[in-house]
Amino acid sequence: MEKSNDSSEYGFILVGFSDRPKLEMVLFIVNFTLYSVAVLGNSAIILVCILDSRLHTPMYFFLANLSFLDLCFSTSCVPQMLVNLWGPDKTISYAGCVVQLFSFLSVGGVECLLLAVMAYDRYAAVCRPLYYTVIMHPQLCLRLVAVAWGSGLVNAIVMSPLTMTLSRCGQRRVNHFLCEMPALIKMACVDARAVEMLGFTFAILIVLLPLTLILVSYGYIAAAVLRIKSAAGRRKAFNTCSSHLTVVSLFYGSIIYMYMQPGNSSSQDQGKFLTLFYNLVTPMLNPLIYTLRNKEVKGALKRVLGRQQ
């Protein structure tokens, strides 16, 4: 980082919603509530998947990983955001900004790929039920999760230094409530098109490619469901996939709008609220979606809670 930027010494100022003081207090209350629900819900999913032996299957192994990712995703920025919303101090240290950006890029990339892995798991369960345990054996599950984590880390290892080392000519004000890549790139006082295009290329590999795999998997699943003659069989197959489809729609919809536009043409206000959505609302909704629509998880929760009494 060049000394002329001053950010390595003094850090950054997260502007966030400081131009709307009344909105800040409302957002503090709403975000604190959503974050608390997200932490409790995802922690409960992880504990249930570990403690209940009936959930020691590939589907719930991936679900526990998704809940862990959602915890990391929210915790990477929400505590800092709550501090900034509560008081007049809007600063974040340079190191804190680096950690936030790296966490955001890595965990976001991992989640995109993990959702594709979960779609493949659903494809194997619906389209190849007799061979499911052979296809989704424990070693393959571990390898798939390792590939997802590795790819997300590579994305962060490449893009974080490139983003942070862009010259900003002393500019320290980040027009966002967190150190997110589009906001940091917009602060550059040099030509950042090469960094933008590299980020766009990574987005194709980490966002669009997994989404394509998800759509192909669900194409096969839809064809298999239509071949099922009984209404009960079709309903069971639909229930098996509906929770995952809902989560995919919520997460990918906002991510694609944010990151799949060259030059990041979305407005700053749109960017802030979309980031709030996939960083806070989606992690809060995921446990509710999987719990409310899944009898096995609800049954496991009752068994675990009953065991504690």
Heavy-atom closest contact ([X] atom, [Y] atom, distance):
{"X": "Leu71", "Y": "Val39", "value": "CD2-CA, 3.6 Å"}
{"X": "Phe177", "Y": "Leu14", "value": "O-CD1, 3.6 Å"}
{"X": "Cys189", "Y": "Arg168", "value": "SG-C, 3.6 Å"}
{"X": "Pro129", "Y": "Cys127", "value": "CD-C, 3.3 Å"}
{"X": "Phe73", "Y": "Asn279", "value": "O-OD1, 2.9 Å"}
{"X": "Ala148", "Y": "Leu114", "value": "CB-N, 4.3 Å"}

Taking the side chain from [X] and the backbone from [Y], do they hold a donor-acceptor pair closer than 3.5 Å?
{"X": "Asp70", "Y": "Ala38", "result": "no"}
{"X": "Ser106", "Y": "Ser103", "result": "yes"}
{"X": "Asn31", "Y": "Leu27", "result": "yes"}

Problem set entry | Check: Tyr218 ring centre within less than 6.0 Å of His244 ring centre |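 Yes, they do, as the ring centres are separated by less than 6.0 Å.
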Problem set entry | Spacing of Asn286 atom CG and Leu250 atom CG [to the nearest 0.5 Å] |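 Asn286 atom CG to Leu250 atom CG measures 7.0 Å (nearest 0.5 Å).
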Exercise. Which distance, rounded to the nearest 0.5 Å, do you find between the CD of Gln100 and the CG of Leu105?
Worked result: 11.0 Å
Exercise. Which residue, Met159, Glu180, Met164, forms the side chain to side chain contact (heavy atoms under 4.5 Å, CB included) with Leu101?
Worked result: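 Going through Met159, Glu180, Met164 one by one, the side chain to side chain contact (heavy atoms under 4.5 Å, CB included) with Leu101 is satisfied by Met164 alone.
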Exercise. Just wondering, do Met187 and Phe12 contact through their side chains at under 4.5 Å, heavy atoms?
Worked result: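 Answer yes - side chains close enough.
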Exercise. Can you find a heavy atom in the side chain of Met181 that is under 4.5 Å from one in the side chain of Ile185?
Worked result: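 SC-SC contact between Met181 and Ile185 confirmed.
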Determine, using the 4.5 Å side-chain heavy-atom cutoff (strictly less than), whether [X] and [Y] are members of one ILVMFWY cluster.
{"X": "Leu211", "Y": "Leu113", "value": "no"}
{"X": "Met118", "Y": "Val145", "value": "yes"}
{"X": "Trp149", "Y": "Val147", "value": "no"}
{"X": "Leu142", "Y": "Leu66", "value": "yes"}

For this session: Carefully, step by step, assess Leu55 and Leu63 under the rule side chain to side chain contact (heavy atoms under 4.5 Å, CB included).
Result: CA-CA 10 Å; Leu55 300 186; Leu63 178 58; over 6 Å; no
Exercise. What residues, two or more places apart in sequence or in another chain, satisfy side chain to side chain donor-acceptor pair (under 3.5 Å) together with Asn155?
Worked result: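 Asn155 satisfies side chain to side chain donor-acceptor pair (under 3.5 Å) with no residue once adjacent residues are dropped.
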For this session: Decide if atom CZ of Phe28 counts as having more than 12 heavy atoms of other residues, nucleotides or ligands within a radius under 6.0 Å.
Result: yes
For this session: Output, in order, the C-alpha distance, side-chain angles, deciding distance and verdict of side chain to side chain contact (heavy atoms under 4.5 Å, CB included) for Ile204 and Leu209.
Result: CA-CA 6 Å; Ile204 290 173; Leu209 185 58; 5.9 Å; no
Exercise. Is there any side chain to side chain donor-acceptor pair (under 3.5 Å) pair reaching into residues 113-134, and which pairs are they, with sequence neighbours excluded?
Worked result: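 The answer is Asp121-Tyr132.
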Problem set entry | All disulfide (SG to SG under 2.5 Å) counterparts of Cys97, not counting sequence neighbours |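 If we apply the disulfide (SG to SG under 2.5 Å) test to Cys97, skipping adjacent residues, the hits are Cys179.
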